[in-house]
Amino acid sequence: MSRGLTTQILHADRLFGAEHGATHKPLHVSAAFGYETAAELAAVFQGDRSGHVYARQGNPTSQALEQKVTLLEGGVGTVCFATGMGAIASLLLALLKRGDHIVASQFLFGNTSSLLQTLETLGCQVTLVDATVADHVAAAIRPETRIVFAETIANPRTQVADLEGIGRVCAERGILYVVDNTMTTPYLFRPSQVKAGLVVNSLTKSISGHGNVLGGAVTDTGLFDWASFSNIQASYKKGAPKAWGLLQIRKKGLRDMGATMSAEAAHRIATGAETLALRMDRACENALKLCTWLEAQPQVARVHYPGLASHAQHENARRWFRAFGALMSFELKDGHDTFAFLDALQLVIKSSHLGDNRTLAIPVAQTIFWEMGLERRQRMGIAESLVRVSVGIEDFVDLQADFAQALGKV
Ligand SMILES: *Cc1c(COP(=O)(O)O)cnc(C)c1O
């Protein structure tokens, strides 16, 4: 009955009934949607009838992508956003109130971490903990804690959160558990397995994969009891409680805040997602080979990758993930010039993006973690010489040759 992930994605548009038997959901570019009668229009507005009213809340093309992301995550529903940050900001702003408390991993994606600082200025409280140990999360929980937020594999140091342990803690205490699955994608890992209530994916990264589009998604796994969540507004308590959370996220996040995905973006992401499994297999294999080889090079001090036996959470990563991801980072030994190494790379692109088919590298402390300052970097375990690499799907021999010649120049 349940088909494989790639099969499901390839046939989703057709099986969900795309117009004219099209194999791709067509691009719906209308901003407005009209109805025969005022009663029909009112019924759609009041949620008594499905349909679109105004494209800020979504359009048929982004809706088709939402259905696919739901399939990928094995969830009950998804809302797509213009970017991954649009998804995260919308979900937090839609669900939190002044005085609420969030427990989050201290190894968060930099922009999410910065967003949490903004939430603090709005009256929310944030506690950052080492989420590789669930006990640290449990100890930080208070009566006002509404959300625990974790990432699967942290960027750039690749710490793996205690996903299962945190899931147990949140389930016991009835707290909403949000997992950012961007680094693993639903091909390597489904957060619903560890009882996450909401899953975030930046569709800009590996799910679309080609580095040519932005997007984000929030998926409800159906595991959280929204009837127990104190911040659902009365107008969104319609029908089964299972739908309440996502309805509020769509209304507040898309309708009120407007971080809406375009039909064109939805189409590109959906096309990229067709080859998610194939691309991830290749990128993860390249990453593991590259890390294994790099670890043995005399110029290299440390390699951070969950696929290496030397990684602190290697055993958990092995247990939970199909493969170890395409993101790694490493430090050159003292006295070696990181910038000279990067400048010597001929194939690998110096870029801040990740999850692209092309291999990309960036010096972390001087760029994406620059704004936060030295002290915070040190607390997050970011060495000044750290280089992050998002491994692509190039032929491995070419990648290895490029790293080898660049290491020869430091
Ligand atoms: C990139 C990224 C985001 C943000 O996604 P955008 O689509 O770039 O806004 C969020 N979380 C993680 C883990 C990411 O890597």
Side-chain angles (χ1 to χ4, degrees), residues 62 65 69 73 78-93 102 104-119 128 131 147 149-161 163 178-189 191 196 198-219 253-254 257-262 264-266 268-270 272-273 276 280 283 287 304 306 321 324-329 351-356 360-362 364 367-369 371 380 382 388-392:
S62 62
L65 179 63
V69 177
E73 286 291 357
T78 296
V79 180
C80 280
F81 293 88
T83 64
M85 286 318 300
I88 296 171
S90 295
L91 107 77
L92 293 174
L93 290 167
I102 310 158
S105 164
Q106 73 197 42
F107 309 121
L108 283 182
F109 177 62
N111 301 154
T112 305
S113 171
S114 169
L115 172 67
L116 291 179
Q117 290 178 305
T118 304
L119 283 174
L128 300 179
I147 286 178
F149 191 103
E151 293 171 0
T152 53
I153 301 175
N155 160 15
R157 274 286 313 278
T158 74
Q159 296 96 335
V160 176
L163 295 161
V178 182
V179 174
D180 183 336
N181 198 27
T182 302
M183 286 302 149
T184 22
T185 80
Y187 177 59
L188 302 188
F189 177 67
L198 292 178
V199 183
V200 173
N201 280 288
S202 165
L203 307 173
T204 313
K205 312 290 172 56
S206 304
I207 290 183
S208 65
H210 297 68
N212 60 355
V213 64
L214 298 166
V218 177
T219 300
L254 289 184
M257 294 181 236
T260 308
M261 172 183 284
S262 70
E264 288 86 349
R268 273 192 203 179
I269 293 164
L276 170 65
M280 281 306 270
H304 308 287
F321 308 148
F324 302 102
L327 190 98
M328 56 84 100
S329 56
S351 167
S352 69
H353 186 41
L354 58 89
D356 193 300
L360 314 171
I362 188 164
V364 175
T367 59
I368 48 177
F369 281 69
E371 187 181 302
M380 295 181 80
I382 309 292
R388 183 189 77 188
V389 181
S390 171
V391 181

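Each ligand, and each atom within it, is numbered from 1 in the order the structure gives. Counting begins at 1 with the first residue of the sequence.
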Worksheet entry | Close side-chain approach of Pro191 and Val178, heavy atoms under 4.5 Å | no
Response to the item:
ring pair (Phe, Tyr, Trp, His ring centres under 6.0 Å) filter on Phe109, not counting sequence neighbours, yields none
Worksheet entry | Every residue of the protein that comes under 4.0 Å of ligand 1, judged on heavy atoms | Thr83, Gly84, Met85, Ile88, Phe109, Asp180, Thr182, Met183, Ser202, Thr204, Lys205, Gly215
Worksheet, complete the sentence: side chain to side chain donor-acceptor pair (under 3.5 Å) filter on Thr185, not counting sequence neighbours, yields none
Item to complete: Kindly write out the residues that satisfy side chain to side chain donor-acceptor pair (under 3.5 Å) with Thr152, not counting sequence neighbours, or none if the list is empty.
Response: Thr184
Discussion item. On a heavy-atom basis, which atom in Ala266 and which in Ser62 lie closest, and how many Å separate them?
Written reply: CB-CA, 3.7 Å
Worksheet entry | Contact summary for Ala87 and Gly216, nearest pair of heavy atoms | CB-C, 4.1 Å
